[in-house]
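Everything below concerns the one structure shown next.
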Amino acid sequence: MSTEEKSAAPRSLAEALRVRDDVSLAALLRSRPDLVTPVPTDLTQLATRASTRASVVRALERLDRFALQTAEALAVAEDPASYEELLGLMAGDDGDPAVSAALPRAVALLREQALVWGADDRLRLVRTARELLAPSAQHPSPTGLGPTVREATAGMSPGRIQEILAAAGLSSTHDSVSAVTALGGLFTDRTRMAALLDALPGPSREVLERLMWGPPYGQVTHDPAAHLRALLDRGLLLPTAPGTVVLPREVALHLRGGRAHRTTEPVPPPVEAAAAHRPQVVDATAAGQALAALATVEELLKEWDEGGPAVLRAGGLSVRDLKRTAVALDVPEPVAAFWVELAYAAGLIASDGEADERYAATPAYDEWRELPPAERWARLAGSWLTATRTPGVVGGRDAKDRTLSALGPNLDRSAAPEVRHRVLALLAGLPEGAAPDAESVLARLRWERPLRGAQQRDHGGQGGQGAQGEEDLRSRLARWTLSEAELLGVTGRGALAAPGRALIGAPEPVHPAAEPEPEGPGDKLPVHHHRTPPVPAPATPAEQAAATAAAARLLAPLFPEPLDHVLLQADLTAVAPGPLERELADVLGVLADVESKGGATVYRFTPGSVRRALDAGQSAADLHAFLARHSRTPVPQPLTYLIDDVARRHGRLRVGAASAYVRCDDDATLDEILADKRAAGLGLRRLAPTVLAAQADPAALLEGLRAMGFAPAAESAAGDVLIARADAHRTPPRAAPQPVPDGPPVPDDTLLTAAVRAIRAGDLASTTPRKPGPGDDAGDGPARADGDLPRTGAAETLATVQAAVLTGEALWIGYVNAEGAASQRVIAPIRVEGGFVTAYDHTADEVRTYPLHRITGVAELADDAG
């Protein structure tokens, strides 16, 4: 390298950032958003912040496996290292074409992330990253390499080093430094090193092979065996502590053929297609699942319509209430937890905030029910995609060994939205209609974020059992994503449906030339060896709303038209051959009980369900007219008799509050009640021929009499029949839970443009050469250390600015704004009048006016200032 090239090479990360263009700086701030909060004052501060431990750890966690392996190789290479040295560590002595092809991309990524800087002949890993990745006794390197010969012999006596030289066949030296250099040169010389190893006995070579790929440390006794003594004498093993030896890095690299890693992974593992289906089948299946999802959420909210389960003191549902909900929905408890959390994430349920706090539907639920089905689904799916609350961990344990409950605290996992989006994006990269192999998806995610997979364990405990409980959090989130997407109808038969593709903003698939499409799980699709391009998640609420609206538009044609009729049957059942209109479904849900679900819903009429309709204010004539209007078959005679029989007895008994009482015009009926043994627990006694008093409360009395086969009606204090309408209990207006972000939010383009402009402005002001002023000890140079503002008196400031107006020269000024924030600026004064200076601000690239009394001082720029 020539003298000119050396002087032009950056000497620090700040200088390397200074030569970047604005697009590159914006890319850095976008990929590492923690650097822009708050906006750095200049590039020196940006470089300092980019080198802090917390920021470097976060950046390393976002690297894919090959980029991380590249950083790990640089951490064990000489500092600085040339690109050829790095390639040797990654590809080995024999070379690996795949590594050679992928390495430029990895180095470019590390440079873009400001983890590596310098030209190809002087690549430097930032110091913090080197400290994190370099091998040490306390923190073994992921490469399995140990310390260098120089590091391992740092505390060794000079005499012992000379003995090792002699045993290795090297000439003695006058000092330890040259001796260590000679020993390192031997270990890095392939020819001489091969000869040295060939002279070793077989057991000695076996020891080296066991330590070759790490861990490089071993234990020896105070009197080692002959084959170990041969290694110690030649420096092939070096002592690090009493009884502990280490394999030097240079020796291990020779044994490995120059490779820093046993296995390099330059290409991401492919996402394999496990089965193929026609896209129309996938979309139809997903639409069916979406309809079932809407029905399940509505059924859940119907169960909680008049007030749901009580809120635990620590928050959330009790285990018993979750079991009851699972039985009511006819699903396993983990699936019930998913539906409960989904409704909560969508803002449809919340706690009512009353003294005896309970969960109930929110006013937003009533608005949601009035939306078209496709829009209702899109709202659920959009809430699921962006939620950080993770139902899969329900039932696990938190850090304090407390059970994690549905709707309770500590369910947020900030990585969940990113994992959900990435899993769906990988599915979008498969051919249309292809269902992925789950294990290949997990392998791909582990390659893309190896550190987050290895280090980001679930701090909330294990919510799974068996092998799944041993997985890292990202793998578990991916498994839950695949199952939840199928439940919700984002996928159908495991493949991404068209509405799901629109939900994540993925482009429409490109249809290749017509080929026979396999159908069934036994048929395999081609494996995708290419790198699936990332699908960026919607960055703003408006973009997310547009994506969900597009998904709703694609889903709407897949939904069947709601029906306005049912098929009544003689066995007191009604069959709904599809989704029903809202009014019909609501009334029928009160008049009959759901017996089975699926493609067709079966309702059963019972005395209890008919009584429920009568309690809601319907008359027998209303029910007959309703059934006749909405049935495509004649109303069966048994159903007509059932309605008339229940209506005939409905309201003959009246229950009110005494504690409670029963009154009836027919005293024989009261005699029958008193004679019934089942009435013993109600504490009944006769007050008059037509009145009984009870110790039980009215609600218990109603239930007890109904259990005995009677059909009592509740009565108000005025003696009127109370109509038990389904006027649901609602919470006050509640906002949906906000996702917990995974670090600082990614800045938008407007903020990035302003941040880059501000950083450039501050850097220009802090690095512009200036002429020495009064009180300056140094001459031409950058701005004062630590960002000190220039200081001059008011008269000198005014005179300097007026002179600059005449000469057209630029000035370096210190300025304090109205909020007290100080900054440095480079301005070209245009005019001075009325206590203000109007100037072209080079740092802001616009004309501005500054009050003179807010200028702390001025300095003229040096003649060679650019």
Side-chain angles (χ1 to χ4, degrees), residues 271 273 276-294 297 338 342 345-347 368 371-387 416-436 441 477-478 480-512 517 525 528 532-561 579 736 739 746 748:
V271 177
H277 310 283
R278 292 193 303 275
Q280 297 83 354
V281 173
V282 170
D283 291 347
T285 304
Q289 288 294 112
L291 271 179
L294 295 179
V297 172
F338 166 71
L342 178 64
W368 177 78
L371 295 174
E375 294 183 22
R376 279 186 279 144
W377 177 86
R379 179 167 171 180
L380 292 179
S383 300
W384 166 77
L385 187 63
T386 58
E418 178 200 345
V419 173
R420 291 191 192 109
H421 188 277
R422 186 55 187 155
V423 168
L424 297 183
L426 290 175
L427 268 60
L430 290 172
E432 198 175 7
V441 173
L477 287 171
W480 293 329
T481 296
L482 292 172
S483 61
E484 292 168 1
E486 191 73 13
L487 283 173
L488 193 53
V490 175
T491 59
R493 299 196 180 187
L496 189 64
R501 188 181 299 273
L503 187 67
I504 62 171
E508 291 295 322
V510 177
H511 297 280
E517 295 188 9
L525 285 179
H528 274 221
T532 303
V535 178
T540 64
E543 292 176 353
Q544 184 63 57
T548 55
R553 285 194 299 272
L554 289 175
L555 182 63
L558 302 175
F559 277 169
E561 288 294 327
V746 177
D748 57 24

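Since the model is a prediction, treat every value here as computed from it, not as a measurement. Side chains are part of it too, since the values below use all heavy atoms of this structure and drop only hydrogens, waters and symmetry mates.
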All side-chain hydrogen bond (donor to acceptor under 3.5 Å, both in side chains) counterparts of Glu484, not counting sequence neighbours: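 Expected list: Trp384.
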Trp377: side-chain hydrogen bond (donor to acceptor under 3.5 Å, both in side chains) partners, not counting sequence neighbours: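 Scan of Trp377 (side-chain hydrogen bond (donor to acceptor under 3.5 Å, both in side chains), adjacent residues dropped) gives none.
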Could you grab the distance from atom CD of Glu418 to atom CG of Leu477, nearest 0.5 Å is fine?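 Here the rounded value is 10.0 Å.
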Between CG of Leu380 and CG of Leu385, what distance do you get to the nearest 0.5 Å?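 Going from the CG atom of Leu380 to the CG atom of Leu385 covers 12.5 Å.
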Minimum-distance pair of heavy atoms, taken over all atoms of Ile504 and Leu496: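 Closest heavy-atom pair between Ile504 and Leu496: CD1-CD2, 4.5 Å.
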Ignoring hydrogens, what is the shortest heavy-atom contact between Leu488 and Ala381? Give both atom names and the distance.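 Closest approach of Leu488 to Ala381, heavy atoms only: CD2-CA, 3.7 Å.
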Without swapping roles, check the side chain of Arg420 against the backbone of Ala387 for a donor-acceptor pair under 3.5 Å.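 Such a contact is found between Arg420 side chain and Ala387 backbone.
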Judged by atom type as modelled, is there a donor-acceptor pair below 3.5 Å linking the side chain of Arg376 to the main-chain atoms of Leu371?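 Indeed, once roles are kept as given, a pair shorter than 3.5 Å links the two residues.
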Output side-chain donor-acceptor pairs under 3.5 Å for residues 548-559, partner residues at least two apart or in another chain, one line each.
from: Thr548; atom 1: OG1; to: Gln544; atom 2: O; distance (Å): 3.2
from: Thr548; atom 1: OG1; to: Ala545; atom 2: O; distance (Å): 2.9

For Pro739, enumerate each residue passing the side-chain contact (heavy atoms from CB on, under 4.5 Å) test, keeping only those at least two apart in sequence or located in another chain.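 side-chain contact (heavy atoms from CB on, under 4.5 Å) check on Pro739 returns Thr388.
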Residues 424-431, side-chain donor-acceptor partners within the protein, below 3.5 Å, at least two apart:
none

Which atom pairs, one a donor and one an acceptor, fall under 3.5 Å between side chains of residues 281-290 and the rest of the protein, sequence neighbours left out?
from: Asp283; atom 1: OD1; to: Ala498; atom 2: N; distance (Å): 3.0
from: Thr285; atom 1: OG1; to: Val281; atom 2: O; distance (Å): 2.8
from: Gln289; atom 1: NE2; to: Glu486; atom 2: O; distance (Å): 3.0

Applying salt bridge (Lys or Arg N to Asp or Glu O under 4.0 Å), can you list everything that pairs with Arg379, at least two apart in sequence or on another chain?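 Salt bridge (Lys or Arg N to Asp or Glu O under 4.0 Å) check on Arg379 returns nothing, list empty.
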With the side chain counted from C-beta on, respond yes when Pro560 and Leu291 share a heavy-atom pair under 4.5 Å apart, and no when they do not.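 Touching, per the 4.5 Å side-chain cut-off.
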